[in-house]
Trainee: 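Before I ask anything, let me first share the structure, which is written out below as structure tokens.
None of these values were measured; they are calculated from a predicted model. Computation of the quantities below employed the complete heavy-atom set of this structure, encompassing side-chain atoms and omitting hydrogens, waters and symmetry-equivalent molecules. So you know, we letter chains A, B, ... as the sequences are listed, proteins then strands, and number each from 1.
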Amino acid sequence: MPELPEVEAIRRRLETEVVGSEIVSTCVHRASTTHPQRPAPVESHTAAHRIEAIRRRGKNLLLELSGGIVLHIHLRMSGNLYVLAGDGHRPATARVTFELSDGRALIFDDTRALGKVHVYKARDMPHLLRGIGLEPLSSEFTVEALANAARGARQPIKIFLLDQRHIAGLGNIYAAEALFRAGIDPRKPAGKLRRSRLKALHAAIVAILADAVQSAHIAYASPGRFREAERFPLLVYNRAGEACGICGRAIRRILQGGRSTYFCPGCQR
DNA sequence: AGTCACCTGATT
DNA sequence: AATCAGGTGACT
């Protein structure tokens, strides 16, 4: 489920809940979650370490542990990270359990088991993250930086936005919503957008993600999982056939790179 | 840029 | 039974 806003909401929540806590033991319940690393090293390199900080880079969560160890977690499609009280029931979909010294447990829950948990030395992280693109809610993400990234790109702009090497954190939902808000046809080649269009797109991305972080924070606030109803309304995603709220034309669904793209043929040109 | 693979579950 | 799902990496 998670794109940048959901990952950031999880990060903020965990920051208040587990930074400063010590992991006493770790159990990997599904080997594919740590693949190609073996479960044993992940377990041994996290046990007896304290969680010192939690950072996010795009959709990646980085738990900085004592002793120069980084726990790298990617939630992929269905991952979630949350704290379970000492008397809580661990669900069957838990893929990794980190037992904390105060009796609580940090659970990596992942229904589809596509998510990843790996351990690295802190000094290796810059190398491992080198291919990740602009952080859209940071000061480095400017119209100029977006224009530089898009220059000469022949990919459709929707495909371009999903490519984490350009911008880190957009996924299928918010890419579609940002393009709608900016009034851009998702099939338009990225490198052919005029500066005025890029400016609108830049503003749309920042506004959508900032709003979505806020609502995701609320949606995750109560214990349990993401509450869809709390998210701010999506204007095109998953609305094929419905009337566009602006122009009234039917929202279309097309395939790009094997994935659904939703857009309004009236508003996006 | 398209297709498959990795997984499970919801929906048609 | 078939299709779809908020992600990504390895093919072609």
Side-chain angles (χ1 to χ4, degrees), chain A residues 1-11 28-37 56-61 72-81 91-96 108-118 128-133 136 150 152-180 185-192 205 208-209 211-213 215-217 219-220 225-241 251-263:
Chain A
M1 150 165 97
E3 300 182 28
L4 182 153
E6 292 77 27
V7 177
E8 175 62 16
I10 289 170
R11 188 199 71 76
V28 175
H29 308 111
R30 159 93 57 138
S32 65
T33 296
T34 63
H35 187 271
Q37 295 182 348
R56 178 190 58 74
R57 184 72 174 85
K59 299 171 193 169
N60 301 275
L61 279 171
H72 177 208
I73 298 180
H74 199 299
L75 305 172
R76 292 281 181 96
M77 294 286 270
S78 59
N80 195 3
L81 254 192
T93 48
R95 306 306 179 196
V96 183
F108 176 66
D109 191 299
D110 186 14
T111 303
R112 290 179 67 179
L114 298 174
K116 292 294 173 187
V117 174
H118 294 128
L128 292 160
L129 297 173
R130 75 193 182 289
I132 301 185
R154 287 178 299 218
Q155 308 162 279
I157 185 62
K158 160 69 161 25
I159 300 282
F160 175 90
L161 293 179
L162 290 184
D163 188 332
Q164 304 294 297
R165 294 172 299 186
H166 298 130
I167 301 172
L170 283 175
N172 211 29
I173 292 181
Y174 299 119
E177 295 296 315
L179 287 168
F180 173 72
D185 187 320
R187 299 164 293 190
K188 181 98 173 166
K192 291 184 67 177
I205 289 169
I208 297 249
L209 291 180
D211 279 2
V213 167
S215 68
H217 200 46
Y220 278 118
R225 36 191 66 30
F226 190 83
R227 288 178 304 162
E228 180 65 37
E230 304 285 353
R231 190 218 254 111
F232 74 82
L234 301 177
L235 302 183
V236 288
Y237 183 83
N238 207 17
R239 291 188 178 278
I251 291 166
R252 287 187 58 196
R253 172 182 178 267
I254 60 173
L255 284 183
Q256 289 183 294
R259 313 190 64 200
S260 294
T261 295
Y262 299 89
F263 71 105

Trainee: Rounded to the nearest Å, what distance is computed from the CG atom of residue A:L179 to the P atom of nucleotide C:dG6?
Mentor: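 The distance from CG of A:L179 to P of C:dG6 comes to 15 Å, rounded to the nearest Å.
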
Trainee: Quick one: which residue pairs count as a salt bridge (charged side-chain N to carboxylate O under 4.0 Å, His left out) with a foot in residues 156-172 of chain A, not counting sequence neighbours?
Mentor: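 Sorted result for residues 156-172 of chain A: A:D163-A:R165.
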
Trainee: When you compare B:dT12 with C:dG6, how far apart are their P atoms, in angstrom units rounded to a whole number?
Mentor: 16 Å

Trainee: Using atom CG of A:L114 as one end and atom P of C:dA10 as the other, report the distance to the nearest whole Å.
Mentor: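 For the pair A:L114 CG and C:dA10 P, the rounded distance is 15 Å.
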
Trainee: Can you measure A:K116 atom NZ to C:dG7 atom P for me and round it to whole angstrom units?
Mentor: 16 Å

Trainee: Taking any strand in view, what nucleotide pairs with B:dC7 in a Watson-Crick or G-U wobble way, both distances under 3.5 Å?
Mentor: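 WC or wobble partner does not exist here.
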
Trainee: Given atom CG of A:L161 and atom C1' of C:dG6, what is their separation to the nearest angstrom?
Mentor: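 Distance, rounded to whole Å: 15 Å.
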
Trainee: Kindly say if A:R259 contacts the phosphate of C:dT8, meaning a side-chain N or O under 4.0 Å from OP1 or OP2.
Mentor: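 Checking A:R259 against C:dT8: no side-chain N or O falls below 4.0 Å of OP1 or OP2.
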
Trainee: Does any N or O donor sit under 3.5 Å from an N or O acceptor when you compare the side chain of A:E3 with the base of C:dG7?
Mentor: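 By the distance-only test, no, there is no pair.
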
Trainee: Distance check: side-chain N/O of A:K59 vs OP1/OP2 of C:dT8, anything under 4.0 Å?
Mentor: yes

Trainee: With respect to the phosphate group of C:dA5, does any side-chain polar atom (N or O) of A:Y262 fall under 4.0 Å of OP1 or OP2?
Mentor: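 Indeed, a polar side-chain atom of A:Y262 lies that close.
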
Trainee: Report yes if the side chains of A:I205 and A:L161 come closer than 4.5 Å at any heavy-atom pair, otherwise no.
Mentor: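 Heavy-atom side-chain distance check passes, below 4.5 Å.
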
Trainee: Measure the CG-CG distance between A:L81 and A:D109 for me, rounded to the nearest 0.5 Å.
Mentor: 9.0 Å

Trainee: Check this one for me: any side-chain N or O of A:S78 less than 4.0 Å away from OP1 or OP2 of C:dG6?
Mentor: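 Negative; the distance criterion is not met.
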
Trainee: Quote, to the nearest angstrom, the P distance that separates C:dA1 from B:dC7.
Mentor: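 Those two atoms are separated by 22 Å.
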
Trainee: May I have the distance from A:I73 (atom CD1) to C:dG7 (atom P), rounded to whole angstrom?
Mentor: 18 Å

Trainee: Just the endpoints, please: which first and last nucleotides of DNA chain B, 5' to 3', lie under 4.0 Å from a heavy atom of chain A?
Mentor: B:dA1 to B:dG9

Trainee: Between A:Q164 (side chain only) and A:L170 (backbone N and O only), is there a donor and an acceptor less than 3.5 Å apart?
Mentor: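 Indeed, once roles are kept as given, a pair shorter than 3.5 Å links the two residues.
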
Trainee: Choose from C:dA5, C:dG7, C:dT8 the nucleotide whose nearest atom is closest to any side-chain atom of A:R112.
Mentor: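 Looking only at side-chain atoms, A:R112 lies closest to C:dA5.
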
Trainee: For the pair A:Y237 and A:Y262, name the ring-plane relationship: parallel under 30°, tilted 30 to 60°, perpendicular over 60°.
Mentor: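 Rings of A:Y237 and A:Y262: perpendicular, over 60°.
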
Trainee: Taking atom P in both B:dA5 and C:dT3, compute the distance separating them and give it to the nearest angstrom.
Mentor: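 About 15 Å, rounded to a whole number of Å.
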
Trainee: Checking all strands, does A:R165 fall into the base, sugar-phosphate, or nothing category for heavy-atom contacts under 4.0 angstrom?
Mentor: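 It contacts nothing in the nucleic acid.
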
Trainee: Please determine, for C:dG6, whether a Watson-Crick or G-U wobble partner exists with both distances under 3.5 Å, and give it or none.
Mentor: none

Trainee: In whole angstrom, give the distance that lies between atom CG of A:N172 and atom C1' of C:dA5.
Mentor: 9 Å

Trainee: Counting side-chain heavy atoms from CB outward, which of C:dT8, C:dA5, C:dG6 is closest to A:E6?
Mentor: C:dG6

Trainee: For C:dG7, does OP1 or OP2 lie under 4.0 Å from any side-chain N or O of A:H74?
Mentor: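 The answer is no; no side-chain N or O of A:H74 sits under 4.0 Å from OP1 or OP2.
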
Trainee: Just to verify, what does A:H74 make a ring-ring contact (aromatic ring centres under 6.0 Å, His included) with, not counting sequence neighbours?
Mentor: none

Trainee: Judged by each residue's nearest nucleotide on DNA chain C, which is more toward the 5′ side, A:R253 or A:N60?
Mentor: A:R253

Trainee: Within this structure, what is the CG-to-C1' distance between A:L235 and C:dG6, rounded to whole angstrom?
Mentor: 16 Å

Trainee: Which part of the nucleic acid, if any, lies within contact of A:G171, taking any heavy atom under 4.0 Å across all strands shown: a base, the sugar-phosphate backbone alone, or nothing?
Mentor: sugar-phosphate

Trainee: Could you check whether any side-chain N or O of A:H118 sits under 3.5 Å from a backbone N or O of A:T34, counting only pairs where one atom can act as donor and the other as acceptor?
Mentor: yes

Trainee: Any donor and acceptor pair, going by atom type alone, linking the side chain of A:D110 with main-chain N or O of A:R95 inside 3.5 Å?
Mentor: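 Flag not set: sc A:D110 to bb A:R95 has no pair under 3.5 Å.
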
Trainee: Kindly say if A:Y174 contacts the phosphate of C:dG6, meaning a side-chain N or O under 4.0 Å from OP1 or OP2.
Mentor: no

Trainee: Given side chains that start at C-beta, do those of A:R76 and A:R112 come closer than 4.5 Å, heavy atoms only?
Mentor: no

Trainee: Tell me the interatomic distance from A:L209, atom CG, to C:dG6, atom C1', rounded to whole angstroms.
Mentor: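 One finds 13 Å between C1' of C:dG6 and CG of A:L209, rounded.
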
